[in-house]
Structures are given as structure tokens and as C-alpha cells.
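To start, the structure itself, in C-alpha cells.
Quick caveat: nothing in here was measured; it's all calculated off a predicted structure.
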Amino acid sequence: MNTSTLTAGAAELDSPRSGLQIAIMAVAAFVIVTTEYLILGLLPALALDLKISISAAGQLVTLFAFTVMLFGPFLTARLSHVGRKGLFVAILLVFGAANALAALSANIWVLALARFIPALMLPVFWGTASETAGQLAGHKNAGRAVAQVYLGISAALVFGIPLGTLAADTVGWRNTFWILCGLSVLMAGMIQTFMPALPAPATKAGEQQTAIFKDCRFLAHVALSVLVFTAMFSAYTYLADMLERLAGIPAAQVGWWLMGFGAVGMIGNWIGGRVVDGSPLGSTVAFLLLLIGGMLATLLAVGSHGWLALALALWGLAYTALFPICQVRVMKAGSSAQALAASMNISAANAGTGLGAIAGGAAIHQIGLPSLSYLAAGIAVLAIVLALAMARARSATAK
């Protein structure tokens with residue numbers, strides 16, 4: 001991230017309030033990501049209530065992901081001139097209203113609208129929140145600040161989805177959305193109260209920001225993120241099935257294994273944020289190698305639950321570390337338009353998530369479930385080759 005973009009906010013680092021402000025953004029991220037993924041645990045209940053098939057209900061997930069992918073960069077660029085405090089409050093209020101609409105949905109079409117609206121705003125939040133965290137922390141600590149905000153992702157995946165599913169079983173899926181509505185409004189109030197009135201970076205807006213699309217180096221970083229997330233999700237999407245069918249984990253215990261995977265991953269999130277500022281491409285390669293080792297070790301360790309836990313810990317560390325690493329790496333590559341760059345990484349992540357799920361599903365159908373680790377490892381190798389080629393090209397240009 002260029003110094004000129006961050007200078008205004010760097011002074012905030014010395015303020016005791018800056019840590020609180022980044023923490024508030026992390027909690028807001030938790031609410032937003034929980035809103036995104038909670039529906040995975042609600043599909044059976046809402047499908048039964050709305051009298052639709054599970055497959056039809058599942059299209060709500062696809063709708064959200066592809067809305068993020070298609071509209072995120074455009075909306076982020078268009079809203080880049082809006083002051084950050086007001087923008088964050090508005091986004092959370094939109095999420096609150098959308099969750100209220102979801103709770104009131106009488107049919108799949110109303111619920112689809114309730115999912116479409118927040119999907120438009122999610123990449124705008126991630127792009128601007130990541131940028132603002134770096135603005136508050138300063139150039140040298142940008143990776144750590146982004147990683148702190150990304151703790152919201154890890155916390156939502158580890159605690160939000162399981163707790164949301166439990167709440168759905170206890171109070172019903174509609175009341176679960178009402179709870180999310182209340183939390184969204186609460187976080188909007190917290191940001192309004194405690195967040196400073198940080199202006200949007202005044203350097204680029206609208207068409208000026210899109211100049212990064214002419215930068216081949218930036219586009220290569222976006223492509224690298226697509227490959228990284230494809231590798232990650234071609235196996236992770238079906239991890240629960242792997243644990244149950246290959247490792248013989250009882251279905252009632254799979255959720256706890258997944259929660260442990262995510263909990264260990266929160267450590268990876270912290271490590272990734274610590275190392276990425278020093279070498280974005282180098283840390284990407286290092287954690288891709290760890291990802292490959294963890295995925296292959298998991299397949300080899302299915303016969304021993306002790307070794308399996310260790311293999312999953314390695315996988316979880318790498319998996320979650322790559323979230324902030326990719327975000328910071330792409331933001332640095334597009335430093336002249338950081339919010340748009342961050343949003344492009346979110347779109348790349350969603351593209352990779354979808355492609356990974358499709359590739360993994362095809363591999364299961366054609367070859368079998370054990371093939372997933374090899375498929376994901378192969379895609380990760382391609383990502384490493386691309387990263388090394390990018391590093392070599394950068395070195396050659398610098399000479």
C-alpha cells in the first residue's frame with residue numbers, strides 16, 4: 001500500500017482508540033460473514049417451511065456468491081469517494097434491513113431478493129474495511145491490521161455458523177435472521193459512535209481507479225488469487241464428507257472437527273498477517289506448500305485420528321493464513337486504488353470458491369472422494385508456479 005494513501009491514518013496508530021476501531025470492524029465482519037454463510041445451516045428448515053426442494057434452496061448460496069463476484073468491483077469503485085464512517089454505517093443498515101426481509105419472506109423469490117441485496121454490499125465492505133484498517137495502522141503494520149479485521153471471517157466460520165444453526169434449531173430460522181438484523185443495527189451504532197470520520201482516500205475515483213485493470217502485474221495477482229482459492233475450496237468444500245466417509249468420523253462429531261479446523265486456522269490468520277508485509281509472494285508460496293502438505297497428510301492419516309488431527313491442523317493453518325495474505329498481496333499490487341483492488345480479490349475468492357466446488361464435485365463423480373487432495377494439491381502447484389514466475393518477472397524489471 002502506498003504511503004500517500006495511508007499517511008492520513010497512520011497517526012491514528014498511536015491512539016488507544018485505533019485498536020478499538022479495528023476491533024469494531026472485526027466484529028462487524030463477523031456479523032456480515034455470518035449473514036453470508038449462516039444460510040448453509042438453515043437450508044433444510046427454510047426449504048421445508050417454504051415448500052421447496054433442497055436443491056432449489058441451495059441456489060440462494062450460488063446467487064450470493066456470483067452477485068459478489070460480478071458486482072463487487074464496480075460498486076466498490078463507484079462508492080470509493082464516500083467517507084468510510086458513513087459508508088460502513090450504511091452497509092450495516094442494509095444488512096439489517098435485508099436480514100429483516102429474509103425473516104419475513106413468504107416465498108423463495110422474496111428470500112432471494114433478501115440475499116441479493118446484501119451480496120451487493122459485502123465486497124464493498126471488505127474492500128473499504130481492509131483499506132481503512134491499513135489506513136489506521138500505517139504502511140508497516142497494514143498486514144496485521146487487515147488480519148485483525150479478517151479475524152471476523154475466522155470467527156464467523158468457527159462460531160457464527162454453528163451457533164446460528166443451533167439458534168435455528170432453538171428459535172427457528174426466521175428468528176435467527178431477526179437476531180442478525182439486531183446485531184447489524186447494533187454494529188452500525190457502534191461504528192457511528194466510535195469510528196472517526198475518516199475521509200475516503202482522495203487520490204482516485206471512478207474511471208481513474210479502473211486504470212489498475214491495465215496493469216498486467218495487478219491482473220496476475222488477481223489470477224493468482226483465483227488459483228489459490230480454487231485449490232483451497234476444491235477440497236475444503238467437501239471436507240465434512242471426507243471426514244465422515246474416509247476417516248470414519250461419526251456424523252454427530254464432524255461439526256466439532258470442523259470447528260477445531262477453524263479454531264486452529266485463527267492462529268494461521270494471525271501468522272499470515274504477520275508475515276505478508278515482508279514478502280507477499282514469498283508468504284503465498286510458503287503457505288501454499290504448507291497447504292499441499294496438510295491436504296496430502298490428511299488423506300494419508302485417515303486411519304489414525306491422532307495423526308489426522310495433526311494433519312488437519314497444518315491444513316487449517318495454511319487455509320486461513322491465505323485469506324489475509326491474498327488480500328494484502330492484491331491490495332499492494334493495486335496500491336493506486338486499494339479499495340477496488342481489495343474488492344477484486346474478494347471477487348477472485350468467490351470465483352475460486354465456485355470453481356473449486358465445481359472441480360471437486362466433478363472429481364468425486366469421475367474418480368472418487370480420495371482424489372480431492374491430489375486435485376487440490378495439483379492446482380496449488382500451478383499457483384506456486386505462477387507466483388514464482390511473477391517474482392522472477394518483478395526481479396527482472398527491477399534490474
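Using a 4.5 Å heavy-atom cutoff, the side chains of P123 and L75 are not in contact. Between L355 and V226 the shortest side-chain heavy-atom distance falls below 4.5 Å. Residues F66 and F71 fail the side-chain proximity criterion, which asks for heavy atoms closer than 4.5 Å. Side-chain contact between Y319 and F233: present, with at least one pair of heavy atoms (C-beta onward) separated by less than 4.5 Å. L92 is listed as a side-chain neighbour of I32, based on a closest heavy-atom distance under 4.5 Å. Side-chain contact between M390 and R217 is absent, with no heavy-atom pair separated by less than 4.5 Å. Proximity of Q327 to L322: side-chain heavy atoms (C-beta onward) are nowhere separated by under 4.5 Å. Contact annotation: the side chain of L308 approaches that of L243 to within less than 4.5 Å [non-hydrogen atoms, C-beta and beyond].
Under the 3.5 Å distance criterion, the side-chain polar atoms of R392 are left unmatched by any main-chain donor or acceptor of A387. The backbone N or O of A357 lies less than 3.5 Å from a partner atom in the side chain of Y238, making a donor-acceptor pair. In this structure, K85 contributes its side chain and P196 its backbone to no donor-acceptor pair below 3.5 Å. Checked by atom type and distance alone, the side chain of T320 never pairs as donor or acceptor with a backbone atom of L317 at under 3.5 Å. Put simply, the side chain of D49 never gets that close to the backbone of A45: no donor and acceptor are under 3.5 Å apart. Checking side-chain atoms of H305 against main-chain N and O of A247 turns up a donor-acceptor pair under 3.5 Å. Side-chain N or O atoms of N175 include none that pairs as donor or acceptor with a backbone N or O of W178 at under 3.5 Å. In terms of modelled atom types and a separation under 3.5 Å, the side chain of S371 and the main chain of I367 share no donor-acceptor contact. With hydrogens and angles ignored, the 3.5 Å screen pairs a side-chain donor or acceptor of N350 with a backbone N or O of I346. At distances below 3.5 Å, not a single donor-acceptor pair connects side-chain atoms of S279 with backbone N or O atoms of V275.
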* To do: Before giving the answer on side chain to side chain contact (heavy atoms under 4.5 Å, CB included), spell out for L239 and L312 the whole-Å C-alpha distance, their side-chain angles and the decisive distance to 0.1 Å.
  => CA-CA 10 Å; L239 179 56; L312 285 172; 4.0 Å; yes

* To do: Decide yes or no on side chain to side chain contact (heavy atoms under 4.5 Å, CB included) for I24 and Q21, but give the supporting numbers first.
  => CA-CA 5 Å; I24 289 173; Q21 293 150 6; 5.6 Å; no

* Start with the C-alpha distance between M69 and F64, add both sets of side-chain angles, then the distance that settles side chain to side chain contact (heavy atoms under 4.5 Å, CB included), and finish with yes or no. => CA-CA 9 Å; M69 181 183 71; F64 199 106; over 6 Å; no

* To do: Please test M25 against M195 for side chain to side chain contact (heavy atoms under 4.5 Å, CB included), starting from the C-alpha separation and ending with a verdict.
  => CA-CA 9 Å; M25 286 195 292; M195 184 69 67; 3.7 Å; yes

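V264 is not connected to W307 by any chain of hydrophobic side-chain contacts under 4.5 Å among Ile, Leu, Val, Met, Phe, Trp and Tyr, and they are in different clusters. Residue I22 is grouped with residue V27 when hydrophobic side chains (ILVMFWY) are merged at heavy-atom distances under 4.5 angstrom, including chains of intermediate members. Residues L104 and L48 do not share a hydrophobic cluster, defined by chaining ILVMFWY side chains whose heavy atoms lie under 4.5 Å apart. L310 and I249 are assigned to two separate hydrophobic clusters, defined by single-linkage of ILVMFWY side chains at heavy-atom distances under 4.5 Å. L70 and I358 are not part of a single hydrophobic cluster, where members link through side-chain heavy atoms under 4.5 Å apart.
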What donor-acceptor contacts under 3.5 angstrom involve side-chain atoms of residues 284-304, with partners at least two apart or in another chain?
| unit_1 | atom_1 | unit_2 | atom_2 | d |
| --- | --- | --- | --- | --- |
| T284 | OG1 | P280 | O | 2.7 |
| T284 | OG1 | R329 | NE | 3.3 |
| T298 | OG1 | G294 | O | 2.7 |

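Ring centroids of F125 and F95 are separated by 6.0 Å or more, keeping the two rings apart. Residues F323 and F229 place their aromatic rings such that the two centres sit under 6.0 Å apart.
Looking at every heavy atom in both residues, A114 comes nearest to A102 through CB-N, 3.6 Å. Nearest heavy-atom pair, S105 versus L50, reported as atom, atom and distance to 0.1 Å: O-CD2, 4.0 Å. Between M187 and A28, the shortest heavy-atom contact is CE-N, 4.0 Å. When all heavy atoms of A376 and A235 are compared, the pair lying nearest together is CB-CB, 3.8 Å. Nearest heavy-atom pair across A363 and L372 is CB-CD2, 4.2 Å. The minimum heavy-atom distance between A112 and L60, with the atom names listed, is CA-CD2, 3.6 Å.
By the side-chain hydrogen bond (donor to acceptor under 3.5 Å, both in side chains) test, R245 is found to be paired with D241, residues two or more places apart in sequence or in another chain being considered.
D215 CG to I212 CD1: the interatomic distance, rounded to the nearest 0.5 Å, is 8.0 Å. Atom CD1 in I91 sits 8.5 Å away from atom CD1 in I191 (nearest 0.5 Å). Rounding to the nearest 0.5 angstrom, the gap separating the CD1 atom in I52 from the CG atom in L46 is 6.0 Å. Annotation: the span from T67 atom OG1 to M121 atom CE amounts to 11.5 Å, rounded to 0.5 Å. Rounding to the nearest 0.5 Å gives a distance of 10.5 Å between CD of E244 and CG of L369. In this structure, the separation between OG on S184 and CD1 on I179 is 11.5 Å, given to the nearest 0.5 Å.
Between the side chains of N345 and S225, at least one donor-acceptor pair of N or O atoms lies under 3.5 Å.
Using cut-offs of 30° and 60° for the angle between ring planes, the F213 and F218 rings count as tilted.
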